[in-house]
Amino acid sequence: MKTETKTALVTGGGSGLGYAIAKAFTEAGIQTVIAGRELEKLEKAAFTLGPLCSYRVCDVTHFAALPQLVNDIEAGIGPIDILVNNAGINLKKEFTEVTEEEFTHLLNTNVTAVFVLSREVVKKMLERGKGCIIHISSMAAIYGMPKVIAYTASKAAIDGMTRAMSVELSPLGIRVNAIAPGFIYSDMTAKALDADPDRKARVMARTPMGKMGQPEDIGAAALYLASDAASYVTGVVLPVDGGNSSSY
Ligand code: NDP
């Protein structure tokens with residue numbers, strides 16, 4: 001995989017799946033900037049990931065600051081060849097208990113921020129006539145799950161945006177794909193599943209491989225989509241799920 005000279009921005013790269021993606025990228029020689037809200041988390045992750053990793057503190061819902069983030073990375077580190085829109089939040093709550101504020105905040109984080117950051121990065125990629133964008137979707141976009149209404153709306157939007165962006169941008173040299181992780185070990189799934197053994201049993205029962213995935217499984221998929229090995233792949237939402245989405 002010819003990835004040596006590339007620069008990537010991975011939002012939410014300080015933990016969970018984003019960290020695993022940043023690890024796969026740096027191990028492949030990609031200069032990787034991780035971004036998130038918590039300085040300490042980023043410092044620790046960047047230290048562990050080594051000299052090819054740097055970080056920027058940013059809240060992706062502060063939309064007005066995102067153009068500056070992109071300019072700063074391009075000026076200080078290099079042209080962003082790969083953008084991974086990984087930062088995301090979940091909200092597990094009864095449908096009737098979800099407030100407009102909670103719904104909007106989740107959509108702002110999981111959808112609007114993805115749009116705004118992609119738009120700013122795409123402006124730069126268009127000048128160069130190349131680039132690669134990877135979104136992170138979810139099983140929630142594929143089948144109905146109870147008590148995650150805002151999250152489901154957000155990830156279904158990501159699938160639609162993946163296709164719409166791909167059809168508009170791939171003729172201009174920018175590939176746009178998504179990964180739909182199944183149930184992968186992370187802080188997010190620990191919160192959602194550990195306190196709900198019935199839900200966890202249900203997840204396992206419909207996962208043919210009979211186990212949860214590891215963050216590294218998502219790192220490997222992101223590295224593939226980011227690499228020249230996927231140079232003819234665009235508009236795809238790739239399940240990495242132990243067969244969960246094709247099960248009954
Ligand atoms: P984590 O909670 O472990 O990580 C989420 C990351 O996003 C954190 O590093 C967090 O950093 C960052 N983040 C959250 N909000 C913001 C914000 N406003 N601005 C900047 N950064 C933010 O979750 P996962 O690793 O599990 O999830 C990563 C992605 O994968 C999400 O999009 C999630 O929906 C998706 N996903 C995960 C699955 C799983 O099984 N784990 C399954 C399907 C999809 P900080 O707190 O420092 O801001």
Side-chain angles (χ1 to χ4, degrees), residues 9-24 32-46 48-49 53 55-66 69 83-92 102 104-118 134-143 145 148 150-159 161-162 178-194 196 199-200 203-204 207 209 211-219 221-222 237-242 244-245:
L9 168 59
V10 181
T11 64
S15 66
L17 309 191
Y19 177 83
I21 293 167
K23 185 162 185 287
T32 305
V33 184
I34 55 175
R37 293 163 301 180
E38 272 183 53
L39 171 64
E40 235 175 81
K41 199 193 277 185
L42 295 169
E43 271 177 345
K44 211 171 139 198
T48 316
L49 290 171
C53 183
Y55 62 84
R56 294 291 183 277
V57 176
C58 96
D59 184 329
V60 292
T61 64
H62 295 171
F63 307 134
L66 297 181
L69 172 75
L83 168 65
V84 184
N85 285 305
N86 162 83
I89 53 172
N90 198 354
L91 176 71
K92 187 159 163 264
E102 288 170 330
T104 305
H105 176 61
L106 196 143
L107 269 283
N108 278 345
T109 308
N110 290 12
V111 180
T112 313
V114 169
F115 160 66
V116 176
L117 186 57
S118 297
I134 301 171
H135 302 317
I136 307 294
S137 180
S138 164
M139 294 297 106
I142 297 174
Y143 52 75
M145 291 169 70
V148 284
Y151 187 75
T152 298
S154 76
K155 294 302 183 179
I158 288 298
D159 286 10
M161 278 167 62
T162 301
I179 296 169
F183 294 84
I184 313 287
Y185 283 109
S186 77
D187 290 349
M188 188 183 280
T189 43
K191 269 185 220 149
L193 295 178
D194 287 356
D196 192 343
R199 200 173 180 100
K200 192 164 184 176
V203 163
M204 284 302 108
T207 304
M209 289 184 78
K211 58 179 182 182
M212 285 181 64
Q214 298 297 331
E216 292 71 30
D217 296 319
I218 306 305
V237 180
L238 175 67
V240 179
D241 66 349
N244 185 285
S245 59

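Being a predicted model, the structure only gives us computed values, none of them experimental. Both counts, for ligands and for their atoms, begin at 1 and track the order of listing. Both backbone and side-chain heavy atoms feed into the values below; hydrogens, waters and symmetry mates do not.
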Could you go through Thr189 and Ile184, starting from their C-alpha distance and side-chain angles, then the distance that decides it, and tell me whether this counts as side-chain contact (heavy atoms from CB on, under 4.5 Å)?
CA-CA 7 Å; Thr189 43; Ile184 313 287; 5.6 Å; no

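- Ala157 and Val111 get closest at one heavy-atom pair: CB-CG2, 3.9 Å.
- Considering both main-chain and side-chain atoms, Met139 never comes within under 3.5 Å of ligand 1 through any nitrogen or oxygen pair.
- Minimum interatomic distance between Asn110 and Ala87 (heavy atoms only, all atoms of both residues): OD1-O, 4.5 Å.
- For atom 42 (C) of ligand 1, the closest non-hydrogen atom on the protein side is Gly182 O, 3.2 Å.
- Distance from atom 9 (O) of ligand 1 to its nearest protein heavy atom, with residue and atom name: Ser15 OG, 2.8 Å.
- Residues Asp187 and Ser15 have side chains that never bring a donor and an acceptor to within less than 3.5 angstrom of each other.
- A pairwise comparison of heavy atoms in Ala222 and Ile134 identifies O-CD1, 3.5 Å as the closest pair.
- Numbered from 1 in the order shown, with element, the atoms of ligand 1 that lie under 4.0 Å from a heavy atom of Gly16 read 3 (O), 25 (O).
- Closest protein heavy atom to atom 14 (C) of ligand 1: Arg37 NH2, 3.3 Å.
- Judged purely by distance below 3.5 Å, without hydrogens or angles, the side chains of Asn85 and Thr11 never pair a donor atom with an acceptor atom.
- Nearest protein neighbour of atom 22 (C) of ligand 1, counting heavy atoms only, is Ala87 CB, 3.6 Å.
- Ligand 1 lies out of reach of Ala140, whose nearest heavy atom is not under 4.0 Å from it.
- In this structure, the side chain of Asn108 does not engage the main chain of Ala113 through any donor-acceptor pair within 3.5 Å.
- Enclosure of atom NZ in Lys44 is not indicated, since only 12 or fewer non-hydrogen atoms of other residues, nucleotides or ligands lie within 6.0 angstrom.
- Taking every heavy atom of Gly12 and a limit of under 4.0 angstrom, the matching atoms of ligand 1 come to 6 (C), 7 (O), 9 (O), 12 (C).
- Distance from atom 31 (C) of ligand 1 to its nearest protein heavy atom, with residue and atom name: Asn86 O, 3.2 Å.
- In this structure, the protein non-hydrogen atom closest to atom 34 (O) of ligand 1 is Tyr151 OH, 2.6 Å.
- For Thr11, the closest heavy-atom approach to ligand 1 does not fall below 4.0 Å.
- At a 3.5 angstrom cut-off on N or O pairs, Val60 counts as close to ligand 1.
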Let's go through Leu69 and Leu66 carefully: what are the C-alpha distance in whole Å and the side-chain angles of both, what is the deciding distance for side-chain contact (heavy atoms from CB on, under 4.5 Å) to 0.1 Å, and is it a yes or a no?
CA-CA 5 Å; Leu69 172 75; Leu66 297 181; 4.3 Å; yes

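- Counting only heavy atoms of the protein, atom 37 (C) of ligand 1 lies nearest to Leu17 CD1, 3.5 Å.
- With atom 41 (N) of ligand 1 as the reference point, the heavy atom nearest to it among Ser186, Ala113, Pro181 is part of Ser186.
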Start with the C-alpha distance between Lys191 and Lys92, add both sets of side-chain angles, then the distance that settles side-chain contact (heavy atoms from CB on, under 4.5 Å), and finish with yes or no.
CA-CA 9 Å; Lys191 269 185 220 149; Lys92 187 159 163 264; over 6 Å; no

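- When the options Thr162, Asp159, Ile142, Ile179 are evaluated for a side chain to side chain contact (heavy atoms under 4.5 Å, CB included) with Ser137, the one that passes is Asp159.
- No part of Tyr185 comes within 4.0 Å of ligand 1, judged by heavy-atom distances.
- Considering CG of Asn244 and CE of Met212, their distance stands at 10.5 Å, rounded to 0.5 Å.
- When non-hydrogen atoms are compared, ligand 1 lies under 4.0 Å from the backbone of Glu38 as well as from its side chain.
- Contacts between Thr189 and ligand 1, counted as non-hydrogen atom pairs separated by less than 4.0 Å, involve the side chain only.
- Near Lys41, with a cut-off below 4.0 Å to any heavy atom, the atoms of ligand 1 are 8 (C), 9 (O), 10 (C), 11 (O), 45 (P), 46 (O), 47 (O).
- At a 3.5 angstrom cut-off on N or O pairs, Ile89 does not count as close to ligand 1.
- At a heavy-atom cutoff of 4.0 Å, ligand 1 is contacted by the side chain of Lys155 but not by its backbone.
- The shortest N or O to N or O distance between Ile184 and ligand 1 is below 3.5 Å.
- Of all the atoms in ligand 1, the ones that sit under 4.0 Å from a non-hydrogen atom of Asp187 are 3 (O).
- Atom 5 (C) of ligand 1 has its closest protein heavy atom at Gly88 O, 3.7 Å.
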Going through the checks in order, is the side-chain contact (heavy atoms from CB on, under 4.5 Å) test met by Met161 and Ser118?
CA-CA 11 Å; Met161 278 167 62; Ser118 297; 5.8 Å; no

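- Between Thr61 and ligand 1, not a single N/O pair is under 3.5 Å apart.
- The minimum heavy-atom distance between Leu107 and Ala150, with the atom names listed, is CD2-O, 3.8 Å.
- In terms of polar-atom proximity, defined here as any N/O pair under 3.5 Å, Asp59 does make such a contact with ligand 1.
- At a threshold of 4.5 Å between non-hydrogen side-chain atoms, the residues Leu39 and Tyr55 count as touching.
- Close approach of ligand 1 to Cys58 is summarised as follows: ligand atoms under 4.0 Å from at least one heavy atom of the residue are 19 (N), 20 (C).
- For the residue pair Phe183 and Met145, the shortest heavy atom distance occurs at CZ-CE, 3.9 Å.
- Using a 4.0 Å cut-off between heavy atoms, Ser137 contacts ligand 1 through its backbone alone, with no side-chain atom that close.
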